[in-house]
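Quick notes on the structure that follows.
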Amino acid sequence: MSADANDGTADRDRRRAAVRDEARRFARDEVAPHAGAWDRDQHMPRALVTRMGELGFLAGPLPVELGGGGQDNETNVGVYEEIGRACSSVRGFLAVHTGLVTQCLGDHGSPEQRERWVPRLARGDLVGCYALTEEGAGSDVASLASEAVRDGDHWSINGTKTWITNGGIADLAVVFARTGPEAGRKGLTAFVVELPSEGWEALPLGVEPLGHRASDHARLRFTDVRVPDEQRLGDVGQGFTIAMSALDHGRLGVAAGAVGIARACLDEVVRHARERRQFGQRIGDFQMVQADIADMSSETEAAAALVARAARAADRGDPDTTRLTSSAKLFATEAAQRAADKAVLLLGNRGYGNGHPVERYYRDIQGLRIYEGTNHIQRLIIARSLIGRP
Ligand SMILES: Cc1cc2nc3c(=O)[nH]c(=O)nc-3n(C[C@H](O)[C@H](O)[C@H](O)COP(=O)(O)OP(=O)(O)OC[C@H]3O[C@@H](n4cnc5c(N)ncnc54)[C@H](O)[C@@H]3O)c2cc1C
């Protein structure tokens, strides 16, 4: 390798470390101290979005020509991990706003669409949401029933979406609807809907979420919402492909967020194992407790390595990126769930009360196993990419 190439690699590594350090500092000082209260209040301040915009986290992964930081995936996963270590609601905001909406517009928007929305999303002046799921269409995205009917140079959208993160606070929604008689995935098209729009309503979910309580989740009802054709994202019939390509960005962020939860659980357990004394010694001196700590540590490192491998594959444009990303999401979220389970047990009654962060990690991790494709669906993607579809 030439000296130049070495310098380039060293520069990139320094930049990557600097971005991670900034995210770690932000998460430690500006998120972690408030995460418990935000969870209890079921709300996080809007100023946090502006702050993430100022720090460059919202724009980081966007191409430089769109005003972004041009960061590669290997850098981004560091940001998601650090923020996820402090608060899954904030990390979830980032995964949706940046991963599913802003990057999706960057990838699939026309030059006019990018110019109109991407810089404002990247600064945090606008908040985005991604409206795919419906009551009757969760894992089976292609069965969604929302409809968009062409009416001259406009479309009229009707339908109801559910469990939409940022749904009640968003200024802009990427909405997926059926536009043609073609069955399944071929009949879907994506639209950008500016909010509020006439005929649009954000309704309460009607249930208390188990985790991600500081996130905003809503049902979105569209009744004859008129959207000009220039707000169609991509071609008619391309909606399914756009939805899935957005999820490739999002899933990597979810996987990295899970590594953050696993590390946070390990931190709490190690601290407690050093301090808590029973039977005349530190509980960390009992071999059964050591075995749990060793398993948590090893699985967390394995998850981090798999996330980094998927991120590098995405950066290279490797055709195996989707499979690796699904493996990273599957393994990291299951490892983090085991870590949270062990953390609650090892903290004893402290971990069972809502004053302790491990109780929140235990609730939050369940969401990461469900959204952006449940872990059953990740297994389908992995297996089908190996054995092919019938
Ligand atoms: C915290 C949170 C935030 C969310 N945010 C958003 C958002 O911003 N935007 C959005 O559009 N959606 C969002 N969702 C919705 C989420 O994406 C869906 O809940 C998810 O895709 C699963 O759909 P479902 O819940 O309807 O489960 P279903 O699809 O009904 O699945 C039920 C069970 O059956 C299993 N299953 C289904 N099909 C198969 C199969 N073929 N093989 C094996 N098992 C299968 C599933 O794995 C699951 O265990 C969010 C959900 C949560 C919990």
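Along the sequence shown, residues carry numbers from 1. Every number for a ligand or one of its atoms is a count from 1 in the order of the listing. Note: hydrogens, waters and symmetry copies are ignored here, and every other heavy atom, side chains too, is used. This structure is a prediction, so every number in the text was calculated from the model and none was measured.
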Item to check | All salt bridge (Lys or Arg N to Asp or Glu O under 4.0 Å) counterparts of E194, not counting sequence neighbours | outcome: R116
Item to check | Polar atom proximity, H212 to ligand 1 (N or O, under 3.5 Å) | outcome: no
Checklist outcome for this item: closest protein heavy atom to atom 3 (C) of ligand 1 is T165 OG1, 3.4 Å
Next on the checklist: Atom CZ of residue position F286 - does it have more than 12 heavy atoms of other residues, nucleotides or ligands inside 6.0 Å?
Outcome noted: yes
Checklist entry - So is there a nitrogen or oxygen of T162 less than 3.5 Å from a nitrogen or oxygen in ligand 1? => result no
Checklist entry - Salt bridge or not for E198 and R226, using N-O below 4.0 Å? => result no
Item to check | Cationic N near anionic O, under 4.0 Å, E301 to R263 | outcome: yes
Checklist entry - Looking at atom 9 (N) of ligand 1, would you say a protein heavy atom lies below 4.0 Å from it? => result yes
Item to check | Identity and distance of the protein heavy atom lying nearest atom 20 (C) of ligand 1 | outcome: I370 O, 3.7 Å
Item to check | For atom 35 (C) of ligand 1, the protein heavy atom that lies nearest, with its residue and separation | outcome: H376 ND1, 3.6 Å
Item to check | E81 and R20 ion-paired at < 4.0 Å | outcome: yes
Next on the checklist: The criterion is salt bridge (Lys or Arg N to Asp or Glu O under 4.0 Å); which residues satisfy it with D320, sequence neighbours excluded?
Outcome noted: R323
Checklist entry - Where the closest heavy atom to atom 16 (C) of ligand 1 is concerned, which of L144, L380, T133 has it? => result T133
Checklist entry - Does the distance from a Lys or Arg side-chain N to an Asp or Glu carboxylate O, for E74 and R16, drop under 4.0 Å? => result yes
Item to check | Electrostatic pair D364:R213 at N-O distance under 4.0 angstrom | outcome: no
Checklist entry - What protein heavy atom sits nearest atom 7 (C) of ligand 1, and how far off is it? => result W163 O, 3.4 Å
Next on the checklist: Check E201 with R221, please: is the shortest side-chain N to carboxylate O separation under 4.0 Å?
Outcome noted: yes
Next on the checklist: Using heavy-atom distances only, which candidate in S139, G138, G211 approaches atom 29 (O) of ligand 1 most closely?
Outcome noted: S139
Item to check | Aromatic contact, H212 with Y371 (centres under 6.0 Å) | outcome: yes
Next on the checklist: L132 versus ligand 1: do any nitrogen or oxygen atoms come within less than 3.5 Å of each other?
Outcome noted: yes
Checklist entry - Are any of the protein's heavy atoms under 4.0 angstrom from atom 33 (C) of ligand 1, yes or no? => result no
Checklist entry - Can you tell me which residue and heavy atom of the protein come closest to atom 39 (C) of ligand 1, and the distance to 0.1 Å? => result I377 CD1, 3.9 Å
Item to check | Which residue and heavy atom of the protein sit nearest atom 2 (C) of ligand 1, plus the separation | outcome: Y371 CD2, 3.3 Å
Checklist entry - ligand 1 versus T374, non-hydrogen atoms closer than 4.0 Å: side chain, backbone, both, neither? => result side chain
Next on the checklist: Quick check: H217 and ligand 1, any N/O pair under 3.5 Å apart?
Outcome noted: no
